[in-house]
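Chain A is the first sequence line, chain B the second, and so forth, proteins listed ahead of strands; every chain is numbered from 1. Basis for what follows: all heavy atoms, side chains included, without hydrogens, waters or symmetry-related copies. The structure presented is a predicted model; accordingly, all values stated were derived computationally and were not measured.
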2 protein chains.
Amino acid sequence: MSPRIGLDLPTILQAAVEIADTRGLEEVTLASLAQKLDVRSPSLYNHVNGLSGLRSKLAVYGLEQLLHVMTQAVVGRSGDDAVRELGKAYVAFARAHPGLYDATLRAPDPQDEEVRRLAGETVDLVVRALQAYELKDDAALHAVRGLRSLLHGFSSLEQRGGFGLPLDLDVSFQLLLDTFLAGLHEMKRRAKAESKPN
Amino acid sequence: MSPRIGLDLPTILQAAVEIADTRGLEEVTLASLAQKLDVRSPSLYNHVNGLSGLRSKLAVYGLEQLLHVMTQAVVGRSGDDAVRELGKAYVAFARAHPGLYDATLRAPDPQDEEVRRLAGETVDLVVRALQAYELKDDAALHAVRGLRSLLHGFSSLEQRGGFGLPLDLDVSFQLLLDTFLAGLHEMKRRAKAESKPN
DNA sequence: TTGCAAAAACTAATGACATTAGTTATTATA
DNA sequence: TATAATAACTAATGTCATTAGTTTTTGCAA
């Protein structure tokens, strides 16, 4: 009971990531992938459940890596520093792996257990990074959504060249993060002013 | 010199939007569109330059509509009120027309003159809406990018079901906007504190 | 009224793709 | 050394987009 050892999943994913990052996610086809791996496309079905299966695996792979770089960014930090490094790590990942980043958003099946686990872990990580702002109850989760919106929005628009203006992107990002953080501090101040006097 | 009067561009775009909004942008194919219009797919080439041409037209069409609803949202308003209404109009558009909204981001050719014009007009509109914050020079443009990042990020993640949490989306959005606005005010305060004392 | 030119819509054909069915080849272990 | 498991293969089908070339319609000029 043992077959020939040709392809394996890591090799396939690596090749797929390379195509995605250099040519775009749409160019990741079973045909282009098979050609790159010097194999006939039906052979890929032995490792992956068709094109949609490949995309799902790619999504999980990307989510794992994204979570990893985000985790590395926040260890040993807190408050503004933690959030800033988290943000920088996020956009750096999106810049370094545009196709893979794309896959994490377009491909994932929300029902997939692995996807749910990774999403949960990511939320937990960001909640912890936001601890310093003393957000009550759901407020922390809303803030996680907000931060993610802003990070994804910036990364996504940057990738699509959606910013037509001749303006330094890093400055824009820095300022956006600063504004958001200033807002968080202000919200914290307001919450205190509201609870203390009573 | 006159042909038969069958299809026309508005009819085609309307049908394409309907498919995009109900089944997703990927489902807008010349085949599906032709079927919906009760025509053979090569006939569409008389009105549109293939699939990519259709997508470009769809992008322009969407950008026009988006600019329109944003314009309506800010007329007669200023400051936080203007920004809030602008934001609400943006996400409302994305919610009402998920496929068309998608097209405005994925399809447009940045070289296209029409696209550039619409993008420019949109930037101008938002810059005007942000006048109350007295942002200096490039700061206003950076703020436009920031606001757009946050609006697009939220809309995009909402559409993809990227928010796994069982939490009210409108509250999240409201809070995100509040935080951003509080941040803008704080930045304005800081800028004043920095210039005045000198 | 008639005929023509322009343009829309058509048929036919090609090539890229995903996918399935069924075959061949390889290799670890019994 | 034989075999069972499984990877990789060939062949075939169906869906697309796209191009070439044909037919049809219709406003206008003669």
Side-chain angles (χ1 to χ4, degrees), chain A residues 1-61 99-100 102-103 106-109 112, chain B residues 1-61 99-100 102-103 106-109 112:
Chain A
M1 38 167 123
S2 59
R4 73 175 85 170
I5 32 158
L7 294 174
D8 61 354
L9 194 54
T11 305
I12 290 175
L13 287 181
Q14 196 179 319
V17 168
E18 208 171 305
I19 296 173
D21 285 343
T22 54
R23 292 193 261 154
L25 187 56
E26 321 70 34
E27 296 294 315
V28 179
T29 64
L30 293 185
S32 68
L33 189 55
Q35 186 177 27
K36 188 180 186 77
L37 293 166
D38 204 35
V39 139
R40 304 302 176 141
S41 56
S43 304
L44 296 171
Y45 283 77
N46 286 313
H47 303 274
V48 137
N49 189 14
L51 185 59
S52 67
L54 172 65
R55 289 187 174 144
S56 294
K57 297 240 186 251
L58 213 49
V60 170
Y61 185 65
L100 185 55
D102 216 8
R106 246 191 283 173
D109 173 10
D112 185 305
Chain B
M1 39 170 120
S2 57
R4 73 175 85 169
I5 33 157
L7 293 174
D8 61 353
L9 194 55
T11 305
I12 289 175
L13 287 180
Q14 195 179 321
V17 169
E18 207 172 305
I19 295 174
D21 285 343
T22 55
R23 293 193 260 154
L25 187 57
E26 320 73 33
E27 296 294 316
V28 178
T29 63
L30 293 186
S32 69
L33 190 54
Q35 186 177 28
K36 188 181 186 75
L37 293 167
D38 204 35
V39 140
R40 305 301 175 144
S41 56
S43 305
L44 296 171
Y45 283 78
N46 286 313
H47 303 273
V48 138
N49 189 13
L51 185 59
S52 68
L54 172 65
R55 288 189 174 141
S56 294
K57 297 242 186 249
L58 213 48
V60 171
Y61 184 65
L100 184 56
D102 216 9
R106 246 192 283 174
D109 172 11
D112 186 304

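- Rounded to an integer number of Å, the gap from B:R55 CZ to D:dA17 P is 8 Å.
- Per the geometry, CG belonging to B:L33 stands 12 Å off P belonging to D:dC16, to the nearest Å.
- Checked by atom type and distance alone, the side chain of B:D102 never pairs as donor or acceptor with a backbone atom of B:L25 at under 3.5 Å.
- The backbone N or O of A:L30 lies less than 3.5 Å from no partner atom in the side chain of A:S41, so there is not a single donor-acceptor pair.
- B:L7 places its CG atom 19 Å from the P atom of D:dT24, with the value rounded to the nearest Å.
- With salt bridges taken as basic N to acidic carboxylate O contacts below 4.0 Å, none links A:E26 and B:R106.
- Pairing each heavy atom of A:L100 with each of A:L58, the nearest pair is CD1-O, 3.5 Å.
- Between the A:S56 side chain and the A:S52 main chain, a donor and an acceptor come within less than 3.5 Å of each other.
- Non-hydrogen atoms lying under 4.0 Å from DNA chain C are contributed by A:S41, A:P42, A:Y45, A:G50, all within residues 36-50 of chain A.
- Rounded to whole Å, the distance from CG on B:L30 to P on C:dC10 is 14 Å.
- Between B:E26 atom CD and D:dA17 atom P there is a gap of 13 Å when expressed in whole angstrom units.
- The distance between atom CG of A:D8 and atom C1' of D:dT6, rounded to the nearest whole Å, is 15 Å.
- At least one donor-acceptor pair under 3.5 Å links the side chain of A:T22 to the backbone N or O of A:E18.
- A:L9 places its CG atom 17 Å from the C1' atom of D:dA8, with the value rounded to the nearest Å.
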